[in-house]
Number of protein chains: 2
Amino acid sequence: MADSPQYMTIGTVSKRTGCKVETIRYYERVGLLPAPVRSSGGHRHYDHDALKRLNFILRARRLGFTLDTVRALLSLADGEGESCVEVEDIAGKHLDEVRGKLEDLAALERVLTDMVARCRGGTMPDCPLIEALFEGGAAGRRDGWN
Amino acid sequence: MADSPQYMTIGTVSKRTGCKVETIRYYERVGLLPAPVRSSGGHRHYDHDALKRLNFILRARRLGFTLDTVRALLSLADGEGESCVEVEDIAGKHLDEVRGKLEDLAALERVLTDMVARCRGGTMPDCPLIEALFEGGAAGRRDGWN
DNA sequence: TCTGGGACCTGTAGTTACTACAGGTTCAAG
DNA sequence: CTTGAACCTGTAGTAACTACAGGTCCCAGA
């Protein structure tokens, strides 16, 4: 468990990034991370660049980008393309999506809060929450849920 | 295409609810919808109750409940259990989740907006968005993303 | 130097909630 | 009665992992 600062085992990378070992291997399999050098016994050894790249992926994933988008972002970062303009485009489209979801969630929070409030203090057989879900009321609004 | 008001084909149910035909059959397969009566030729025929039940499922899904939770909700609605108390419990737990997601998304929106703004108007080779993703900056914050 | 057991390996299958065929049958309008 | 849209079943694919099973490797302690 004493890997040098420049060569880390997959377990160390996992601990440092908070990304599961299986997920790291998965990212390699789908081509997001390059295949690292191996020990004579076949164990993966990662350097600092790999750590940076993995952090990039994780950060982008946390921001809700799909793996395909992350792939595009990485190839831009790797130097293909005019960078900034394309990146802004990708991020801008993503931002629109995020704003839509945000609206939906806000509406949802209102509905749930309201439901729970009306529910509280009753063991009545006709639960207002179930009722609301069955009858609709304010639950709908934004369409397009195929 | 002239099904009576009480007996609808799966296609009609699909149009009325906005739920895809395949998804309706899927809900039947996983036990969320009861198997409907069939025509002599084997076509499904739905009544108004099935429509109500499907709408319940869709609304609950739209509110972000998992199918397992929907199943639980439906069995409560179907009469097992003390109803209100349990329903409130399920909804309350769900509300916590929703509030968490809401916070995350709000933070995410700020970061993305900021990134896009900094990106705008530059064809510089060092894109600040890519930079931000690589270096971290304000992108993180709420941990626990395994 | 030996050894025990934790960390690592590959490959495959499972997860959630659908979606998309392929290949065949039924229904109803004209 | 024909025709073609809508229906049927069953299987496989999707995203993005996650979880085994059944092995091999590595290294700290005795």
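Order of the sequence lines sets the chain letters (A, B, ...), proteins ahead of strands, with each chain counted from 1.
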Worksheet, complete the sentence: Taken in chain and number order and not counting sequence neighbours, the residues that satisfy side-chain contact (heavy atoms from CB on, under 4.5 Å) with A/Arg38 are A/Glu28, A/Arg44
Practice prompt. Applying side-chain contact (heavy atoms from CB on, under 4.5 Å), name anything that partners B/Thr69, two or more places apart in sequence or on another chain.
Written response: B/Phe65, B/Thr66, B/Leu73, B/Ile90
Fill in: Within residues 32-41 of chain B, residues whose heavy atoms come under 4.0 Å of DNA chain C
B/Ser39, B/Ser40, B/Gly41
Can you find a side chain N or O atom of [X] that sits less than 4.0 Å from OP1 or OP2 on [N]?
X       : N      : value
A/Arg29 : D/dA16 : no
A/Thr66 : D/dA15 : no
A/Tyr27 : D/dC17 : yes
A/Arg25 : C/dC9  : yes
B/Arg44 : D/dC7  : no

Discussion item. If you compare all heavy atoms of B/Cys19 against all heavy atoms of B/Leu58, which two are closest, and at what distance to 0.1 Å?
Written reply: CB-CD1, 3.7 Å
Worksheet item: Where do A/Tyr46 and A/Leu51 land on the side chain to side chain contact (heavy atoms under 4.5 Å, CB included) test, with the steps shown first?
Response: CA-CA 7 Å; A/Tyr46 295 93; A/Leu51 204 70; over 6 Å; no
Discussion item. Both B/Gly42 and B/Asp68 contact DNA chain C. Taking the nearest nucleotide for each, which residue is further toward the 5' end?
Written reply: B/Asp68
Whole-Å distance between [N] [atom2] and [X] [atom1]?
X       : N      : atom1 : atom2 : value
B/Leu54 : C/dC18 : CG    : P     : 11 Å
A/Ile57 : D/dA16 : CD1   : C1'   : 13 Å
B/Tyr7  : C/dC27 : OH    : P     : 16 Å
A/Glu28 : D/dC17 : CD    : P     : 15 Å
A/His43 : C/dG6  : NE2   : C1'   : 11 Å
A/Ile10 : C/dC8  : CD1   : C1'   : 8 Å
A/Tyr26 : C/dA13 : OH    : C1'   : 15 Å
A/Glu22 : C/dG11 : CD    : P     : 16 Å

Worksheet item: A/Arg61 side chain: which of D/dC17, D/dC7, C/dC8 is closest?
Response: D/dC17
For [X], salt bridge (charged side-chain N to carboxylate O under 4.0 Å, His left out) partners two or more places apart:
X       : value
B/Asp68 : B/Arg71
B/Arg61 : none
A/Asp49 : none

